[in-house]
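In what follows, a single structure is set out as structure tokens and then discussed.
Keep in mind that the numbers below use all heavy atoms, side chains included, and drop hydrogens, waters and symmetry copies. Below, chains carry the letters A, B, ... as their sequence lines are ordered, and counting in each starts from 1. A quick note: this is a predicted structure, and the numbers were derived from the prediction, not measured.
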Amino acid sequence: MAQKHLEDFSLAQSEPKKEMKAEALPLTKAATREKDKKRVFPPLAPENLPPSYFVSATYDGQKCKALIKLYEPVSGKIYFWYDNTGHKPYCLTNLSQYELEKLTRLTQHQGFDHFEIVEKFDPLVNRIVSITKIVARDPLAIGGRPRGCIRDIIPEDFPNVSDVQIAQEEIKVWESKIKYYQCYIYDRNLLPGMIYGVKNGDLVPKDLKEIEEMVKQIKGIFKGATAEELQHIEQWARLLEYPAPKFRRVAMDIEVCTPIATRVPDPREATYEVVCVSLYDSDGQKRVLLLKRQNTREGNENLPADVIIEKFDTEENLIRAVFDVLWSYPFVITFNGDDFDLRYLAHRAENLGFRRNEIPIEVGKRVCLLKYGVHIDLYKFFFNRSIQIYAFNNRYRDVRLDDVGTALINMEKIRLEKGIGELTYTELAKYCFRDSEITFKLTNFEHELVMKLILVLARISSMPMDDVSRQGVSRWIRNFMHREHRKRNMLIPNAEDIIAKKGKTVTKAIIKGKKYKGAIVVEPVPGVHFNVAVMDFPSLYPSIMKVWNLGYESILCLHPECRNNLVPDIPHWVCTRKRALESLLIGSLRDLRVQWYKPKSKDKTLPAEFVSWYNITQGALKVILNASYGVFGADSFDLYCPPVAEATAAIGRHSITQILNKAEQIEIQVLYGDTDSLFLKNPSRKQIEELTHWTEKELKMSLDVDKVYRYAVFSSRKKNYLGVLEDGSVDVKGLTGKKRHIPIFIKKAFDRMKERLARVKTPEDFEKAKKDISEIVQGCYMRLKRREWDSLSDLAFNVVLGEEPERYTKTTPQHVKAARILKENRVDVRAGDLISFVKVIREPHVKPVELATKNEIDVDKYIAHLHSTFDQVLDALGLDFDEIIGLTKLERFM
DNA sequence: GCGGACTGCTTACCT
DNA sequence: ACAGGTAAGCAGTCCGCG
């Protein structure tokens with residue numbers, strides 16, 4: 001495979017060979033061929049293209065057509081396919097053609113094409129309406145320019161509703177903010193991420209016969225599903241079962257030499273020289289391109305033997321060599337390339353006098369895309385909170401290459417002692433090479449997990465891979481909702497219309513400033529409890545949406561006969577006549593995850609590559625399902641509908657309360673519970689079965705035993721406990737000892753306690769363990785008192801600065817005080833930075849670690865923190881901090 | 001002028 | 001630009017205190 005896609009250069013034509021003054025090679029065969037290759041742009045798909053993956057889409061402003069980027073995995077190339085159906089951009093309005101023709105600004109608009117009358121189902125008024133489609137020649141004519149767009153002209157030129165004759169009380173424009181290529185994807189029923197061929201110039205989906213058997217098997221396990229549900233399960237399964245290709249790709253990193261070592265150069269100015277670029281590709285080719293400079297020594301660092309070092313006499317030639325790469329790889333991976341590497345290269349090339357069409361980069365406001373392939377900026381991807389938490393279980397905490405690399409693939413960046421400009425060639429090469437190596441490997445571990453995850457998300461959301469890797473979960477959900485609206489010929493409602501009709505919530509949140517009441521947390525029973533079963537509803541909220549038919553259309557529907565189908569405890573009702581889209585789509589995704597992908601991802605009898613695919617798929621579904629309730633309560637979501645979220649939460653409270661009562665009734669002690677879980681003390685198998693059956697029958701939802709703790713420790717605090725599993729692993733939830741801001745000095749002591757607790761098997765073991773724990777605490781206390789710590793940084797609190805330091809006006813928290821001190825010392829501090837500070841005796845009682853000295857540490861403050869951290873566990877064990885550290889009751893009183 | 005009771009702000013966590 | 005609920009620590013305010 002690696003060889004194969006380098007063999008085919010049939011596209012190479014025209015354009016004079018570029019001058020390259022590289023030396024100090026030798027080049028491998030592959031690299032030589034790559035250099036010889038000549039570029040043809042655009043890379044048009046031939047009349048008949050072998051099966052290729054739909055990886056991206058855009059609008060070509062010159063050809064005025066939708067453009068699909070197809071990745072052909074055998075040659076490892078991208079092919080462009082332009083629309084040949086004459087599809088055009090449009091928006092919709094409730095004004096008639098007659099009225100619209102009065103608007104000369106519209107009919108004379110250079111982008112205007114024609115009107116059509118269409119019928120669509122309007123979900124908010126629950127009937128088919130006749131509306132006018134305004135077709136344009138260019139998507140920017142509909143919207144997207146600051147002034148004079150069609151969607152703005154209509155309300156501007158009809159300022160008064162009385163000017164026109166319409167049935168509704170308002171002039172409306174719909175679907176004018178959908179990106180044109182998304183519109184194209186929906187209307188043509190295309191599936192990004194799936195496989196297509198080109199036959200006689202037409203784009204045709206490849207038939208998926210190799211997965212038919214599997215799809216049949218999947219449908220077979222959903223016995224209770226309705227025909228409609230089954231149809232959707234099948235639709236999702238087709239998308240998710242089809243295998244992924246190998247992704248031919250290159251990771252890239254650049255270094256720029258700046259006069260001031262601490263400043264990051266501005267990519268919009270691109271004032272300074274690009275001195276090094278490293279490239280690491282999926283065929284194992286590793287290159288470092290260096291710029292020859294005066295006063296730079298060679299150095300004697302060793303790089304891996306297979307790294308090819310190329311030196312360039314001029315920066316221009318170096319950048320040309322990099323651009324050759326960007327013109328030829330289907331996928332280019334960077335870490336922060338949107339805001340730095342690609343942006344810098346593009347502006348630098350401009351400054352150096354490159355012609356526009358020589359630059360392979362499309363520079364946008366916030367992104368940098370490639371004219372040829374697909375640029376994945378891993379920083380954007382890993383920054384996504386949903387990805388961070390649900391796909392990677394919070395394994396990395398700061399979104400920096402070093403941190404993500406260490407956490408996911410155990411690779412660190414190379415630490416620099418000096419600025420880029422002072423490095424020798426080999427030092428610079430080694431440093432830069434490591435970055436592209438980490439970047440590449442972040443897309444390569446676990447059978448190319450990251451690439452496949454992006455592919456799966458692209459399929460679910462009907463989005464290009466470049467968009468899906470940059471945008472948040474609410475966009476993914478919105479886009480598959482849009483797709484399904486179009487598929488059903490439903491009008492996509494405007495957010496303000498949903499709000500006007502269904503915007504009210506009726507419950508009062510516990511937290512001030514929130515819109516509605518959320519979940520229930522059961523008061524824990526403090527103490528140590530042996531044999532604790534944790535039961536939970538798998539995907540509670542998506543289940544509720546499915547079972548209760550929740551969606552913006554069904555909540556508070558217009559049918560009088562549905563008004564008595566009430567949500568428990570609140571006055572909202574739900575439609576009984578028509579299935580809501582969200583309920584159907586999210587419900588079927590949930591069932592597919594719970595009943596197929598989750599079990600398959602744990603099936604040890606399958607080959608590793610399959611398990612990995614199932615695991616990736618279930619992970620992608622998890623990310624989407626976890627957010628599927630929340631988006632309805634987020635005003636940034638296009639189908640924002642607070643009563644849907646409110647009803648979901650209300651039914652959740654109702655469900656857990658019902659089980660609580662049932663458990664009590666069959667005499668199981670409930671120790672704790674949170675939202676969708678119950679912690680049961682020593683239940684019998686029979687009791688568990690009874691609860692499960694009852695839930696299945698009465699609530700129409702599944703209830704599983706998630707795990708069994710050998711023992712669990714609760715304090716009186718909610719969302720705070722420690723549980724030891726049978727295999728000796730320890731779950732710590734919410735305890736201060738695991739929070740990332742506390743000093744490692746305290747954290748280490750806490751971890752020692754954790755290790756000790758893991759070894760406790762029986763209630764009898766506890767006595768010995770308590771003694772050991774007391775000693776751990778005692779030792780820690782003494783070391784503090786004697787000021788015996790390894791380094792000051794062990795005492796640092798690390799707190800994220802949520803805002804720019806000046807923006808704190810109401811209060812000045814300690815980390816902000818420290819940040820301001822740093823600023824006074826000319827250290828650049830910005831929102832999002834992690835501030836490390838220690839507590840000191842003198843005002844203002846905090847100091848950035850790097851400025852503090854041992855003697856000024858306020859030891860008593862640290863003892864107080866040690867105290868409160870351990871108290872969360874100690875009181876459950878019947879231990880007392882003060883007694884442990886040897887204070888008598890009298891001393892404490894004094 | 002100072003401490004206690006209180007509220008509010010901020011961060012990090014849980015589901 | 002998914003939600004609400006909880007814990008902890010500190011900042012700031014008010015009030016009483018001969």
(message) What contact category does A:Asp536 fall into here, base, sugar-phosphate, or nothing, at under 4.0 angstrom with non-hydrogen atoms?
(response) nothing

(message) Between A:Arg717 and C:dA8, is there a contact of a side-chain N or O with OP1 or OP2 at under 4.0 Å?
(response) yes

(request) Can you tell me the distance, in whole Å, between the OH atom of A:Tyr541 and the P atom of C:dG4? (result) 11 Å

(message) Regarding A:Ser868, tell me which of base, sugar-phosphate or nothing describes its non-hydrogen contacts under 4.0 Å with the strands shown.
(response) sugar-phosphate

(message) Check this one for me: any side-chain N or O of A:Lys517 less than 4.0 Å away from OP1 or OP2 of C:dA3?
(response) no

(request) Could you check whether A:Arg397 gets within reach of a base, just the sugar-phosphate, or nothing at all, counting any heavy atom under 4.0 Å? (result) sugar-phosphate

(request) Please state how far atom CD1 in A:Ile520 lies from atom C1' in C:dT6, giving the value in whole angstrom units. (result) 15 Å

(request) Could you tell me the separation between the NZ atom of A:Lys733 and the C1' atom of B:dT15, rounded to a whole number of Å? (result) 9 Å

(request) Rounded off to whole Å, could you give me the CZ-to-C1' distance for the A:Phe837 and B:dT11 pair? (result) 11 Å

(request) Would you kindly compare A:Gln872 and A:Lys810 by the position of their nearest DNA chain C nucleotide and give the one closer to the 5′ end? (result) A:Gln872

(message) Please evaluate residues A:Lys847 and A:Glu856 with respect to the criterion salt bridge (charged side-chain N to carboxylate O under 4.0 Å, His left out), reporting the C-alpha separation (whole Å), side-chain torsions for both, the decisive distance (0.1 Å), and the verdict.
(response) CA-CA 10 Å; A:Lys847 234 179 194 188; A:Glu856 55 183 334; 3.1 Å; yes

(request) Select base, sugar-phosphate, or nothing to describe what A:Thr811 touches, counting heavy atoms under 4.0 Å on all strands. (result) sugar-phosphate

(message) Tell me the closest heavy-atom pair linking A:Lys504 and A:Glu646, and the distance in Å.
(response) O-OE1, 4.2 Å

(request) With heavy atoms under 4.0 Å as the rule, sort A:Ala519 into base, sugar-phosphate or nothing. (result) sugar-phosphate

(request) Please check if the side chain of A:Ser677 supplies one atom and the backbone of A:Gly673 the other of a donor-acceptor pair under 3.5 Å. (result) no

(request) Report which part of the nucleic acid A:Gly630 touches: base, sugar-phosphate, or nothing (heavy-atom distance under 4.0 Å, all strands). (result) base

(request) Report the relative orientation of the aromatic rings in A:Phe714 and A:Tyr721; use parallel for angles under 30°, tilted for 30 to 60°, perpendicular for over 60°. (result) tilted

(message) Parallel, tilted or perpendicular, judged at 30° and 60°: which one describes the rings of A:Phe837 and A:Phe797?
(response) parallel

(request) When you get a sec, tell me which of C:dC2, C:dA7, B:dT15 is the closest nucleotide to the side chain of A:Lys718? (result) C:dA7

(message) From C-beta outward on A:Ile511, which listed nucleotide comes closest to its side chain: B:dC13, C:dG4, B:dT11?
(response) C:dG4

(request) From the options C:dA3, C:dG5, B:dT15, select the nucleotide whose nearest atom is closest to the side chain of A:Thr675. (result) B:dT15

(request) Examine distances only and state if a side-chain atom of A:Arg593 and a backbone atom of A:Gln618 form a donor-acceptor pair shorter than 3.5 Å. (result) yes

(message) Strictly below 4.0 Å: does A:His815 bring a side-chain N or O up to OP1 or OP2 of B:dT11?
(response) yes

(request) Give a yes/no answer on whether the side chain of A:Tyr721 brings an N or O atom under 4.0 Å of OP1 or OP2 in B:dT15. (result) yes

(request) Specify the separation, in whole Å, of atom CG of A:Asn626 and atom P of B:dC14. (result) 14 Å

(message) If you compare every side-chain N and O of A:Tyr808 against the phosphate oxygens of B:dT11 (OP1, OP2), does one of them come in below 4.0 Å?
(response) yes

(message) With a 4.0 Å cutoff (strictly under), does any side-chain N or O of A:Arg385 reach OP1 or OP2 of B:dC13?
(response) no

(request) Let me know the distance between NZ of A:Lys747 and P of B:dA12, rounded to the nearest Å. (result) 11 Å

(message) Within the 4.0 Å heavy-atom criterion, would you say A:Val732 contacts the bases, only the backbone, or no part of the nucleic acid?
(response) sugar-phosphate

(message) Within the 4.0 Å heavy-atom criterion, would you say A:Arg475 contacts the bases, only the backbone, or no part of the nucleic acid?
(response) nothing

(request) Output yes when at least one side-chain N/O atom of A:Lys839 is less than 4.0 Å from OP1 or OP2 of C:dG9, else no. (result) no

(request) Mind calculating the distance between NZ (A:Lys817) and C1' (B:dC9) to the nearest angstrom? (result) 13 Å

(message) In whole Å, I'd like the distance from the NE2 atom of A:His741 to the C1' atom of C:dA8.
(response) 7 Å

(request) Decide, yes or no, whether a salt bridge links A:Asp536 with A:Lys707 under the criterion of side-chain N to carboxylate O below 4.0 Å. (result) no

(request) Between A:Lys512 and A:Lys739, name the one whose nearest nucleotide on DNA chain B is closer to the 5' end. (result) A:Lys512

(message) So, does A:Thr736 get its side chain near the phosphate of B:dA12, meaning an N or O under 4.0 Å from OP1 or OP2?
(response) no

(request) Please work out if A:Phe637 contacts a base, only the sugar-phosphate, or nothing of the nucleic acid, heavy-atom cut-off 4.0 Å. (result) nothing

(request) Report which part of the nucleic acid A:Ile510 touches: base, sugar-phosphate, or nothing (heavy-atom distance under 4.0 Å, all strands). (result) sugar-phosphate

(message) Please determine whether a side-chain nitrogen or oxygen atom of A:Thr812 lies at a distance below 4.0 Å from atom OP1 or OP2 of C:dA11.
(response) no

